[in-house]
Number of protein chains: 2
Amino acid sequence: MRTVTERSDAVLAVATAFRRFGYEGASISAITEQTGLGKGSLYNFFPGGKEDMATAVLDEVGAWFQAEVYEPLLHEGTASARITAMFDAVEAYFTSRQLVCLFGAFALGQERTRFGEPIQQYFAAWIDALRTALHDGGAGREADDAATDMVSGIQGALVLARALDDISLFHGALDRMRARALTLLD
Amino acid sequence: MRTVTERSDAVLAVATAFRRFGYEGASISAITEQTGLGKGSLYNFFPGGKEDMATAVLDEVGAWFQAEVYEPLLHEGTASARITAMFDAVEAYFTSRQLVCLFGAFALGQERTRFGEPIQQYFAAWIDALRTALHDGGAGREADDAATDMVSGIQGALVLARALDDISLFHGALDRMRARALTLLD
DNA sequence: GTCTATAAAGCGATAGAC
DNA sequence: GTCTATCGCTTTATAGAC
């Protein structure tokens with residue numbers, strides 16, 4: 001059996017392993033089983049080993065959010081449409097990924113030391129884009145705190161929904177944040 | 001050098017190691033260095049090894065929250081005083097513990113599989129006690145969602161404050177939640 | 001690009017002296 | 001209750017065939 005793979009596919013498969021096992025918990029052999037790729041393939045794609053894999057995964061996720069969340073938040077349509085679209089995109093994203101935000105999970109562990117810069121970048125860019133959209137929509141001084149609270153609230157909802165093993169907690173929290181955002185606009 | 005230790009002291013020291021390294025990242029030798037206890041002492045206190053250590057740590061933290069957060073929330077004083085006291089206690093607790101909630105951190109990782117029941121218990125009891133206090137204070141139907149949002153909001157604030165390495169994000173978020181709680185009462 | 005075999009280091013855990 | 005030595009296993013990573 002020799003199914004040739006592209007690196008970008010390998011990155012997605014490795015990301016699944018990290019979501020499931022965490023960074024420390026994802027041993028190379030666990031990643032091998034989860035992804036179906038042998039060690040040879042893995043070290044071919046990621047010469048720097050596990051840390052290289054994690055960097056590639058964070059890059060991929062960061063790029064996805066940049067393209068699908070932050071930029072739409074800044075450019076297209078009315079403020080309320082943009083913000084609603086953000087919640088929809090984020091809800092679909094985490095729902096299809098076991099309610100794990102790799103940046104959030106890494107921020108809580110010792111991984112924060114190794115990957116501090118991309119983690120910081122991810123959250124700073126998100127808050128910044130959301131604050132801008134809120135401000136564009138007429139939210140005044142409260143746009144700052146509101147943007148922070150919403151990004152924070154999404155992370156908290158992920159923690160709680162996983163802890164209580166109840167995905168409706170995630171959907172419910174996002175519904176309330178969506179509604180609150182709309183009350184801040186015009 | 002033979003400094004005799006009590007198990008309860010060992011539990012507190014091990015907790016610090018888990019906060020710093022995470023469950024998977026805290027190797028026995030790392031716990032040895034962090035705590036100053038040798039392997040002999042550790043396995044004397046925790047015959048079940050690492051899993052035993054984590055269980056003891058979660059028990060200790062859970063008991064602390066039960067005594068210092070949940071019960072005061074249910075019994076003493078006016079609702080607004082009880083809720084303010086909760087935020088104060090929680091703020092001081094996590095501030096002095098590197099902004100790590102072990103239950104929240106474990107909920108995001110594979111540790112959730114092993115320690116699912118205590119994790120669930122911790123958050124369910126917290127939400128339940130807070131909901132009761134809010135209800136006692138005159139908050140109506142919204143007490144349910146508000147209690148969930150506040151416990152979730154605290155977890156989110158911990159994630160964000162660690163990710164951006166800015167403790168003021170934690171204090172600011174708690175200030176706003178405190179204020180919101182008061183607007184829900186009477 | 002993928003496989004298998006293997007090396008070197010670190011892991012959790014145990015045994016026995018004190 | 002604490003120490004040191006050690007076992008057996010798994011880990012990350014590499015080498016070389018295909």
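Just the heavy atoms: all of them, side chains too, but no hydrogens, waters or symmetry mates, feed the values below. This one's a predicted model, so the numbers in the text were calculated from it and none came from an experiment.
- Other residues, nucleotides and ligands contribute at most 12 non-hydrogen atoms within 6.0 Å of the CZ atom of R20(A).
- We find that CZ of R7(A) is positioned 17 Å from C1' of dT2(C), with the value rounded to whole Å.
- One atom, CG of L37(B), and another, C1' of dG1(D), lie 10 Å apart when rounded to the nearest Å.
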Using a cut-off of under 3.5 Å, enumerate the N/O to N/O pairs linking the protein to nucleotides 9-13 of chain D.
from    : atom 1 : to     : atom 2 : distance (Å)
dT11(D) : OP1    : S27(A) : OG     : 3.4
dT11(D) : OP2    : S29(A) : OG     : 3.2
dT12(D) : OP1    : I28(A) : N      : 3.4
dT12(D) : OP1    : K50(A) : NZ     : 3.3
dT12(D) : OP2    : I28(A) : N      : 2.6
dA13(D) : OP2    : Y43(A) : OH     : 3.0
dA13(D) : OP2    : K50(A) : N      : 3.3
dA13(D) : N6     : K39(A) : NZ     : 3.4

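- Both L99(B) and W64(B) are assigned to one and the same hydrophobic cluster, defined by single-linkage of ILVMFWY side chains at heavy-atom distances under 4.5 Å.
- Residue-level contact check: G38(A) touches the backbone only, with heavy atoms under 4.0 Å from sugar-phosphate atoms and none from bases.
- Considering only side-chain N and O atoms, N44(A) lies nowhere under 4.0 angstrom from the phosphate OP1 or OP2 of dT2(C).
- Side-chain contact between F21(A) and I31(A): absent, with no pair of heavy atoms (C-beta onward) separated by less than 4.5 Å.
- With S41(B) contributing its side chain and L37(B) its backbone, the two residues share no donor-acceptor pair below 3.5 Å.
- E24(B) CD to Q110(A) CD: the interatomic distance, rounded to the nearest 0.5 Å, is 13.0 Å.
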Report task. Verify ring-ring contact (aromatic ring centres under 6.0 Å, His included) between F65(B) and F103(B), making sure each step is shown before the conclusion. Result -> CA-CA 12 Å; F65(B) 271 80; F103(B) 286 97; 7.6 Å; no

